[in-house]
Amino acid sequence: MTRAAGFAALAAGLAVWVVVQGVLVGVPLRSRGTPPEIDDAYTYIAKSVQMTDCFLQDCPAMNDLRGPLRAPTSDPEIRWRRYRAYARAFLVAHPLYSVGLIAVKSLGVSWERAYMIVWAAGPILFGLAFAYWLSVLWGPAAAGAALFYLAFQVFPGQGLHYVVPSNLTLAVAVWVWARLVKTSGDAPWSLPLGTCALLLTHPAGRLYAAAALALGWFLGPERPSGKRLVPYILAVCAIVAATLLPHVVRRPELSVVGDAFGTWRQTFVIPYFTLEKVVEALDRWSGPFGSLIAFGVLLAAGFAWAPARRQRALAATALVLAGLVAVSFAYVLPRYPAELFMRVWVPFAVFMTGALGHAVVTLLAKACDLARAGLDASRPEVRLGEWRPSPTQGLALALVCFGTFAGVAAKAAVAGCATMRTTIVYMRDRHSLAFDAEQPKRLLREAAAGDRVLYMQETPMLFFLTHGANALGAVFHPAVAGTLEAASMASPAPPAFAVAQNPVMAFPRTPRGWVRLSGFRSLEVRPPAGAPGGLRLRLENPAAAASLRVAGRVVDVPSGFSGWLSADVPPTARGGVLALVLPEGSSELALGGLAFGDDPLFWPWESKAVVTLLPGGGAPAVSASFDLSGLLPAGADARVLDDRGTTVLARLGPRGGADARR
């Protein structure tokens, strides 16, 4: 294959990768108001905010959280909650990623938008990184074929379609590895600078940096000169410094002791699940080829047909990556089986896919030669080993090769699209929370110096810390509930505010805090007899005009409407069950609020009403109770200040009677 044809194949494979993976990224981003994988997203964002506002982690929120989250306990569940919350709030594990996020934020966008911009750069970033690495190892044509196959692969838990610190570290690692292969281990700038970047991006960077050292050593001369040793010495010094620094620097927190095993049984059960994950990953990767035998034959052919000048680099890379996989089996993390394996499996799978690409490209090139020889008798004879096929046999073999590879490619694409569809739905719907920056703004306006906030869930806490709540004290309720450390809620002063998850999250399909009503036949509201008159509904209708019946009265919702509509509800209906019959068919109505009288809030907190959605087809009903006593600790005196989206901001204590306003 000519050089031009090889680079054309690389460009085509890279284009397919960017388009397919771009769809995998773009669809969830366009359909959400908050970042996908929102719990991880606000962990990364909160760490970036810390770098600018609370670098030494000595602001009021961090000072309040540190003690209770580090307190020992014999309860394994409480210990896990504290470990997880402490790592998310304090551990500085990816400063280089945070610096990049801060740089994008400086362009004038919100933290959430900055995160989405970085997240969406994955298809291009990883496409270029793997294109370069695979081209150096296997050649541009094989890299293009591998990228086409990989474009439809989704690596569970460690996808290559979005940028988070662990995956960004991998992109840096393959670039360093490619430079070492390209220079036969002599990379005076790439190795030390790349090692520093790896160490500053994610803890896994230490493992990748060690792999780079081993790879460069295998590729270099048997007796390296003093000058050639300098970058390796610098890289080793950087790794040692990164290992020792957490023992020297007290703040910010650079290391968190791992969560201990809860029971002896986990020691034996978790490795079993690790092996299960390994088998699942292998099956997902090799599935489109129909059988492991065919898959193995192609892999062997890819290595056997590699040019002699690349054999050493391929052998060294295979040895180093196999070593990473072997090391991953020794790392067992409770609650996250095969966590390290799922990370290091990605570069190993990409490398082996390069071998598949090389086998495919070589066979196709040979088939093209046979086809040309079969069609043009004047061309030289083509041999396959000792076999000299006739023109007819050559043409038939070429057609079989093309048909086989086309079938495998189509199967890979179809299977990949099915997996991608599931992944898109997962990323779109998982943790479909709706956070409104006006809530933390109001908290900061109304809070006095020394006030503390009680957080009932982890992700809303990280959201508030992202938007200025580091300046206030903080209590993380799941870490202290039912323990001796619960006294931290009252010392030095009881919390003045609380943040909890809105009960509207009990309903399915709540993007942006709106409840999608399609698929439900009716809605019931159970207000107390003393509920104020006049029912108001906050509705959104992007489709054709629709009508619903409220207590026997018709309420029309125009097409394209978004806002509040009033329904004249008779007094007798307010003492029992108030029924709203929803329109039949494929109406796209969404409910974003339900209130009585002139209540300025979105949901009926004052009347403590229960709202129930009744689906068709005999499915169970779904209810949400808008009573703060079910959201906060027993006995809490509270009043809702703001209930936008899927979080609730409430004032606690004697000031709880303050007027609520939007």
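Residue numbers run from 1 in the order of the sequence given.
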Are side-chain heavy atoms of Trp119 and Val163 found at a separation under 4.5 Å? no
Where do Gln311 and Phe303 come nearest, in terms of heavy atoms and distance? NE2-O, 3.3 Å
Measure from the side-chain N and O atoms of Glu112 to the backbone N and O of Pro35, and report whether any donor-acceptor pair falls under 3.5 Å. no
Candidate list Arg84, Arg88, Glu37, test side chain to side chain donor-acceptor pair (under 3.5 Å), partner Thr43, passing option: Arg88
Verify whether the ring centers belonging to Trp138 and Phe351 lie closer than 6.0 Å. yes
Taking atom CD1 of Ile424 and atom CE of Met420, what is their separation to the nearest 0.5 Å? 5.0 Å
Verify side-chain contact (heavy atoms from CB on, under 4.5 Å) between Phe130 and Leu125, making sure each step is shown before the conclusion. CA-CA 9 Å; Phe130 288 125; Leu125 176 65; over 6 Å; no
Can you establish whether the number of heavy atoms outside Phe218 located under 6.0 Å from its atom CZ is more than 12? no
Nearest heavy-atom neighbours spanning Thr353 and Ala146: O-CB, 3.6 Å
Sequence-distant partners of Asp186, side chain to side chain donor-acceptor pair (under 3.5 Å), two or more places apart: none
Measuring from atom CG of Leu147 to atom CG of Leu134, what distance do you get when rounded to the nearest 0.5 angstrom? 6.0 Å
Assess, by modelled atom type and distance only, whether the side chains of Arg343 and Ser166 contain a donor and an acceptor separated by less than 3.5 Å. yes
Side-chain donor/acceptor of Tyr232 to backbone N/O of Gly216, under 3.5 Å: yes
Quick check: do Ile102 and Met51 have side-chain heavy atoms less than 4.5 Å from each other? yes
Could you check whether any side-chain N or O of Glu588 sits under 3.5 Å from a backbone N or O of Pro542, counting only pairs where one atom can act as donor and the other as acceptor? no
Stepwise side-chain contact (heavy atoms from CB on, under 4.5 Å) test for Val20 and Phe148: CA-CA 9 Å; Val20 174; Phe148 177 87; over 6 Å; no
Identify the heavy atoms of Tyr115 and Pro36 that sit nearest to each other, and give their distance. CE2-O, 4.5 Å
Side chain proximity check, Pro140 to Arg3, heavy atoms < 4.5 angstrom: no
May I ask you to test the Val136-Trp177 pair for a side-chain heavy-atom distance under 4.5 Å? no
Distance from Thr459 atom OG1 to Asp39 atom CG, nearest 0.5 Å? 5.0 Å
So CG of Leu213 and CD1 of Ile233: to nearest 0.5 Å the spacing works out to 11.0 Å
Closest non-hydrogen contact found for Val172 with Gly194 is CG1-O, 4.0 Å
Any Val16 side-chain heavy atom under 4.5 Å of Tyr149 side chain: no
Evaluate side-chain contact (heavy atoms from CB on, under 4.5 Å) for Arg310 paired with Leu137, printing each intermediate quantity in order. CA-CA 7 Å; Arg310 293 182 181 152; Leu137 288 169; over 6 Å; no
Any side-chain heavy-atom pair of Pro307 and His358 under 4.5 Å: yes
Do the two ring centres, one from Trp133 and one from Trp175, sit under 6.0 Å apart? no
Partner residues of Thr34 under the side chain to side chain donor-acceptor pair (under 3.5 Å) criterion, sequence neighbours left out: Arg32
Please report the shortest heavy-atom distance between Ala197 and Leu96, naming the atom on each side. O-CD2, 3.8 Å
Do the side chains of Leu128 and Leu14 get nearer than 4.5 Å, heavy atoms only? yes
Nearest heavy-atom approach of Leu91 to Ser255 is CD1-N, 3.6 Å
Rounding to 0.5 Å, atoms CG (Leu356) and CG (Leu299) come to a distance of 4.5 Å
Backbone N/O of Val174 and side chain of Arg179: donor-acceptor pair under 3.5 Å: no
Can you find a pair of side-chain heavy atoms, one from Leu170 and one from Val346, that are under 4.5 Å apart? yes
Can you confirm whether more than 12 heavy atoms, excluding those of Ile124, are under 6.0 Å from its CD1 atom? no
Between atom CG of Leu219 and atom OG1 of Thr183, what is the distance when rounded to the nearest 0.5 Å? 8.0 Å
Residue pair Tyr44, Ser98: steps toward the side-chain contact (heavy atoms from CB on, under 4.5 Å) verdict: CA-CA 7 Å; Tyr44 302 137; Ser98 296; over 6 Å; no
Ring geometry between Tyr97 and His94 (parallel below 30°, tilted from 30 to 60°, perpendicular above 60°): perpendicular
Quick check: does any side chain N or O of Lys47 sit under 3.5 Å from a backbone N or O of Val92, one acting as donor and the other as acceptor? no
